[in-house]
2 protein chains.
Amino acid sequence: MSEPRRAAAETETQAGALAAALARPEPPPLMREQALETVKDAIISGRLPPGTRLIEREMCAALGVSRSIVREVIRQLEADRLVQVAAHRGPRVAELTAKTAREIYDLRAELEVLLVKDFIRNAADIEVTQLVALAPEVAAAAAANDIDDLVVIMRHFYGVLVVGADNTVAADILETLHARISRLRVLAMSEPGRISCSVREISEIVAAVEARDPARAEVATRAYVNAARDAALRQIARG
Amino acid sequence: MSEPRRAAAETETQAGALAAALARPEPPPLMREQALETVKDAIISGRLPPGTRLIEREMCAALGVSRSIVREVIRQLEADRLVQVAAHRGPRVAELTAKTAREIYDLRAELEVLLVKDFIRNAADIEVTQLVALAPEVAAAAAANDIDDLVVIMRHFYGVLVVGADNTVAADILETLHARISRLRVLAMSEPGRISCSVREISEIVAAVEARDPARAEVATRAYVNAARDAALRQIARG
DNA sequence: CCTCTTTTTTTGTCAGACAATCTGACCGTA
DNA sequence: TACGGTCAGATTGTCTGACAAAAAAAGAGG
């Protein structure tokens, strides 16, 4: 009984390896996905500020796609809470109140703590090394006061974290939260003194991860996210 | 300067109150929302089991709507992770692996802890009373072994919790997680002995909330969700 | 200045079309 | 029989055009 099943399992494994090796990461991109990415990026970067009306016809013209596509994209952005849609009134880029921002940061803290702990538990040594290698990069970008570069490096940081933590559910949700506060994060980083402070906090997280010390990592991660939250809320309060 | 503004604010407030009082909670329901709710309910209840293909034309016929609507609905379900869509291959009701289930339950624990703590901090006394009043109902339904009733009561329980906690972000995300594991939750509840166990755990949560003791509530909530997780994973393991 | 109409804009929905792609059946060959 | 190749049908991805209903804007009148 086990002979044929073993054989089947073997061919399956081989096929799986083949598929993985040959998988094209870029199957002919769907219009819908390109359009979604374009609009999402425009919102996240702030080129479409909160409150902006997203009129279907204009979106069609701007994106070069049909209304069908635009409407599907809107539905996805709505589900991600990046746009708010009132019936018969059309979608607008979502506003971010202080209350909502606080809620997002508080939940973000829990998610990042969860991910860092999972990273400590699940990540291979090479992934830990990758994370450790990012700490000096963060420091360098901070020293140069290059916020754009810092954003890129932090995105990389979270990329390594997410892969090593191997927790898709938490990673997906954290990504939606990050998207919602992305403008705010950049704003908060431009607060004088915030950058050098966050460098220290991130270094501490990395050090705790390197030591594979979950309790220490939790404290460090909470400190980092809470400080970011307070800076963000100050920015909102200033208008 | 403040006089006219006060007057304006007053009429605005009055108008707002009127609008709130007369607001029909049911503005002519959009086809798309009805369709979404119908499909979502079918998935959550298990009438559309995981893996089921959702063919556009068939959905149109079944729901009595056009393809535009069906496709918009699919996009929303995709964003909620209730369906998985492969390009050119169409959507299927999402499968739930043991790994994903574990991740969902672990995150659910964090979210419910967060919400319970917020409830303790923010809820009015009357809301605490409402929650306390649900404990005996849970016990009664459990004693009668009426799982359907228990599901309804637990939905009510979370409704009260969410309103009192006043944390929309966490509530929304918890709702999507609950949706993804809803079949599993029912399955887990049918495990012999699980119900009476969960009654005790829920009573302890309620007692901790009534005492407004966050630390105790956290312990109780974790115990409840972790027990639910273990029961759920056992069900998955059994096939 | 406020209020009531009338237009204009925009959304919500449908129907039909067509190319690109996937699936499964069929078929010849070794 | 097992395997690789071909072809027709099914299905998705996308576009266009249409129209009723709702909301917003513009005018008219007091």
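These values consider heavy atoms only, across backbone and side chains, with no hydrogens, waters or symmetry-generated copies. A, B, ... follow the sequence lines: proteins, then strands. Residue 1 opens every chain.
In the set dT13(C), dT11(C), dG13(D), the nucleotide with an atom closest to the side chain of M31(B) is dT13(C). Among the nucleotides dT11(C), dG13(D), dC15(D), the one closest to any side-chain atom of I55(A) is dT11(C). Residue V65(B) has its side chain nearest to dC14(C) when only dT16(D), dT12(D), dC14(C) are considered. Residue R32(A) places its side chain closer to dT14(D) than to any other of dC22(C), dT14(D), dG12(C). Set against dG12(C), dT14(D), dT11(C), the side chain of L30(A) has dT14(D) as its closest nucleotide.
The one candidate from L134(B), V138(B), L161(B) that meets the side-chain contact (heavy atoms from CB on, under 4.5 Å) condition with H156(B) is L134(B).
In this structure, L54(B) reaches the sugar-phosphate backbone alone: every heavy-atom distance under 4.0 Å involves primed, P, OP1 or OP2 atoms, never a base.
Heavy atoms only, all atoms of each residue included: R108(B) and L174(B) are closest at CG-CD1, 3.9 Å. Residues V65(A) and V70(A) approach most closely at CG2-CG2, 3.8 Å, considering heavy atoms. Nearest heavy atoms, A170(A) versus L107(B): CA-CD2, 4.2 Å.
The nearest whole Å value for the distance from the CE atom in M59(B) to the P atom in dT11(D) is 14 Å. Atom pair Q76(A):CD and dG13(D):P shows a separation of 11 Å (rounding to whole Å applied). Here dG12(C) presents its C1' atom at 7 Å from CD1 of I69(B), a figure rounded to the nearest Å. The separation between E56(A) atom CD and dA22(D) atom P is 17 Å, rounded to whole Å. Separating the CZ atom of R71(A) from the P atom of dT16(D) is a distance of 16 Å, rounded to the nearest angstrom. Rounding to whole angstrom units, CZ of residue R92(B) and C1' of dT23(C) are separated by 12 Å.
Annotation: of the two residues near DNA chain D, S66(A) and R53(A), the 5′-most nearest-nucleotide partner is S66(A). Nearer the 5' end of DNA chain D, as judged by each residue's closest nucleotide, is the contact made by A86(B), out of H88(A) and A86(B).
The phosphate of dT11(D) (OP1 or OP2) has no side-chain N or O of R57(B) nearer than 4.0 angstrom. Applying the 4.0 Å criterion to OP1 and OP2 of dT11(D), one finds that R89(B) has every side-chain N and O outside that range.
Between R75(B) and E72(B), no side-chain nitrogen of the basic residue sits less than 4.0 Å from a carboxylate oxygen of the acidic one, so the salt-bridge criterion is not met.
No hydrogens or angles were tested; on distance alone, a donor-acceptor pair under 3.5 Å links the side chain of R67(B) to the base of dT14(D).
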